[in-house]
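As the structure is a computational prediction, the values presented were derived from the model and not from experiment.
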Amino acid sequence: MERVLLTGASLAVGAGLGASLCGFLSSAERRGGAERLGLLARVPVLPVPSVQASELTVSPGRSTAVMKYGFPSLANIKTRESYVTSYDPRTRTASWVIEQLNPASLSGPSDRKYCDFKEDDSVHLYHRSTNTDYRGSGFDRGHLAAAANHKWSQKAMEDTFYLSNVAPQNPHLNQNAWNNLEKLCRSLTKHYLNVYVCTGPLYLPRQEADGKLYVRYQVLGRNHVAVPTHFFKVVILERAGGAGVELRSYVLPNEPVDEKIPLERFLVPIETIERASGLLFVPNIMKRATSLQAIAAK
């Protein structure tokens with residue numbers, strides 16, 4: 001298994017004082033400003049309690065926690081109880097979904113039997129997928145942020161059943177190899193301080209008989225929900241004690257995959273996913289980490 005060490009200097013925080021505006025104001029303007037400040041001084045100001053950084057992520061799986069390493073893109077961001085997503089209205093599914101896993105988020109009273117797949121009312125009717133689109137299609141409604149990752153809260157688990165967090169997935173893949181990859185991500189919480197998981201679809205080109213490359217994918221239902229050719233999962237692993245970050249990136253085809261094939265065979269260099277998806281992960285990570293160890297395929 002190839003390991004590539006990417007090193008970078010710590011993010012330098014520039015702190016500089018701006019030039020005072022007073023030198024550029026006339027005396028009349030300064031007097032007017034003083035009068036306005038006098039008025040403001042008479043307005044009661046309510047004290048704002050200080051907030052420690054740790055307080056922002058008290059609840060396990062909170063969507064605010066996944067903002068630590070930024071977002072791979074900034075289009076159509078939606079925040080849920082347990083994850084953050086970027087929705088693609090053209091494909092009727094997400095471009096990516098980010099969630100934070102830890103032992104606290106993986107345990108709790110929530111139960112999948114109380115959850116139902118549902119339309120996302122925050123998406124315009126023209127760009128929304130429905131359960132009818134999937135009916136009889138032969139594809140599963142494959143979770144991007146997995147339901148089992150968010151047992152800490154029934155609401156958090158229910159949020160994973162929005163169809164905007166779903167993509168058409170081959171049933172054999174969904175129930176076997178992909179399920180195993182989700183279990184692997186959960187098991188990593190036993191060995192790392194925090195586990196951030198970004199999941200999304202890919203639409204990769206294929207060479208056809210004429211020798212040219214084409215991107216072709218099926219669409220489902222009256223809303224033309226795009227069927228990905230592949231899926232990716234980028235896993236950001238924080239080592240304890242500030243010892244750096246480890247990155248694992250996987251790509252699996254949206255077709256039956258033999259469970260006997262080790263998941264390590266689907267590891268790819270992160271650049272492969274960045275180029276294919278139009279997303280960027282490494283620059284965001286390097287802003288918050290002094291070193292990045294990227295584990296690639298054999």
Side-chain angles (χ1 to χ4, degrees), residues 72-73 75-76 78 83 85-99 115-147 160-182 197-234 249-259 261 263 265-268 272-279:
S73 67
N76 298 320
K78 296 180 181 296
Y83 60 89
T85 180
S86 170
Y87 189 73
D88 187 345
R90 297 168 300 175
T91 61
R92 278 59 166 173
T93 186
S95 298
W96 53 261
V97 173
I98 298 181
E99 51 191 328
C115 302
D116 293 310
F117 288 103
K118 54 193 175 182
E119 294 181 34
D120 188 342
D121 293 336
S122 71
V123 176
H124 193 282
L125 188 63
Y126 293 167
H127 307 143
R128 185 191 309 172
S129 64
T130 68
N131 284 307
T132 303
D133 293 320
Y134 286 86
R135 192 169 298 132
S137 68
F139 288 92
D140 282 358
R141 291 165 292 190
H143 281 82
L144 298 177
T160 68
F161 281 80
Y162 278 111
L163 290 176
S164 55
N165 179 50
V166 161
Q169 197 164 43
N170 179 280
H172 188 281
L173 175 69
N174 183 36
Q175 298 161 29
N176 295 283
W178 189 258
N179 184 42
N180 291 339
L181 181 55
E182 291 176 337
V197 182
C198 184
T199 308
L202 291 172
Y203 305 88
L204 301 184
R206 178 176 298 177
Q207 189 172 31
E208 299 196 359
D210 61 2
K212 297 178 181 179
L213 294 173
Y214 295 89
V215 176
R216 297 189 190 275
Y217 54 85
Q218 183 182 349
V219 295
L220 306 182
R222 64 179 299 177
N223 292 302
H224 297 171
V225 184
V227 179
T229 63
H230 296 73
F231 288 94
F232 74 83
K233 198 175 283 289
V234 173
S249 42
Y250 300 83
V251 171
L252 274 71
N254 193 10
E255 58 189 44
V257 171
D258 189 345
E259 284 186 272
I261 301 176
L263 290 172
R265 296 280 183 87
F266 300 99
L267 284 165
V268 300
T272 301
I273 296 176
E274 290 181 318
R275 288 176 181 273
S277 65
L279 308 175

For a 4.5 angstrom cut-off between non-hydrogen side-chain atoms, does Leu181 reach Leu252? yes
Of all the heavy-atom pairs spanning Ala145 and Val97, show the shortest one and how long it is. CB-CG1, 3.5 Å
Report the C-alpha distance between Leu279 and Glu274 in whole Å, list the side-chain angles of each, state the deciding distance to 0.1 Å, and finish with yes or no for side-chain contact (heavy atoms from CB on, under 4.5 Å). CA-CA 5 Å; Leu279 308 175; Glu274 290 181 318; 5.7 Å; no
The ring pair (Phe, Tyr, Trp, His ring centres under 6.0 Å) partners of Tyr162 (sequence neighbours excluded) come to none
Please name the pair of heavy atoms, one in Pro168 and one in Phe231, separated by the smallest distance, quoted to 0.1 Å. O-CZ, 3.5 Å
Under the side-chain hydrogen bond (donor to acceptor under 3.5 Å, both in side chains) test, which residues partner Thr132, sequence neighbours left out? none
Gly142 backbone acceptor or donor facing Asn174 side chain under 3.5 Å: no
With rounding to the nearest 0.5 angstrom, report the CG to OG1 distance, Leu267 to Thr272. 11.0 Å
Pairing residues for His172 by the side chain to side chain contact (heavy atoms under 4.5 Å, CB included) criterion, not counting sequence neighbours: Asn170, Asn176, Pro256
Counterpart residues, side-chain hydrogen bond (donor to acceptor under 3.5 Å, both in side chains), relative to Thr199 (two or more places apart): Lys233
Counterpart residues, side chain to side chain contact (heavy atoms under 4.5 Å, CB included), relative to Ile261 (two or more places apart): Asp258, Arg265, Phe266
Quick one: are Leu202 and Pro228 in side-chain contact, heavy atoms under 4.5 Å? no
Grab the two heavy atoms, one from Leu144 and one from Ala94, that are nearest each other, plus how far apart they are. CD1-CB, 3.7 Å
Please identify each residue that fulfils side chain to side chain contact (heavy atoms under 4.5 Å, CB included) with Ser95, with sequence neighbours left out. Ser86, Asp88
With salt bridge (Lys or Arg N to Asp or Glu O under 4.0 Å) as the rule and sequence neighbours excluded, what pairs involving residues 128-145 come up? Glu119-Arg128, Asp121-Arg128
Check for a donor-acceptor pair, side chain of Ser249 on one end and backbone N or O of Val234 on the other, with a separation under 3.5 Å. no
Pairwise salt bridge (Lys or Arg N to Asp or Glu O under 4.0 Å) hits with a residue in residues 213-226, at least two apart: Glu208-Arg216
To the nearest 0.5 angstrom, please state how far the NE2 atom of His230 sits from the CD atom of Glu255. 6.5 Å
Passing candidate, side-chain contact (heavy atoms from CB on, under 4.5 Å) with Tyr83, options Val197, Ile98, Asn165: Asn165
Before giving the answer on side-chain contact (heavy atoms from CB on, under 4.5 Å), spell out for Ile273 and Val251 the whole-Å C-alpha distance, their side-chain angles and the decisive distance to 0.1 Å. CA-CA 8 Å; Ile273 296 176; Val251 171; 3.7 Å; yes
For residues Thr93 and Pro201, determine if any side-chain heavy atom of one lies less than 4.5 Å from a side-chain heavy atom of the other. yes
Only counting residues at least two apart or in another chain, list the ones meeting salt bridge (Lys or Arg N to Asp or Glu O under 4.0 Å) with Asp116. none
Those residues that, when tested against His224, pass ring pair (Phe, Tyr, Trp, His ring centres under 6.0 Å) (two or more places apart): none
Apply side-chain contact (heavy atoms from CB on, under 4.5 Å) to Val166 and Tyr134, showing your working. CA-CA 11 Å; Val166 161; Tyr134 286 86; 3.4 Å; yes
With no hydrogens and no angle check, do the side chains of Ser164 and Lys78 hold a donor and an acceptor under 3.5 Å apart? no
Ignoring hydrogens, what is the shortest heavy-atom contact between Thr229 and Tyr217? Give both atom names and the distance. CG2-CB, 4.5 Å
Quick one: closest heavy-atom pair of Arg92 and Arg90, and the distance? NH1-O, 3.1 Å
Apply the test side-chain contact (heavy atoms from CB on, under 4.5 Å) to residues Leu163 and Asp120: give CA-CA distance (whole Å), side-chain angles for both, the deciding distance (0.1 Å), then the verdict. CA-CA 6 Å; Leu163 290 176; Asp120 188 342; 5.8 Å; no
Can you name the residues that form a side-chain hydrogen bond (donor to acceptor under 3.5 Å, both in side chains) with Tyr126, not counting sequence neighbours? none
Grab the two heavy atoms, one from Tyr87 and one from Ser129, that are nearest each other, plus how far apart they are. OH-N, 4.2 Å
Considering residues at least two apart in sequence or located in another chain, which fulfil the ring pair (Phe, Tyr, Trp, His ring centres under 6.0 Å) criterion with Phe161? Phe117, His143
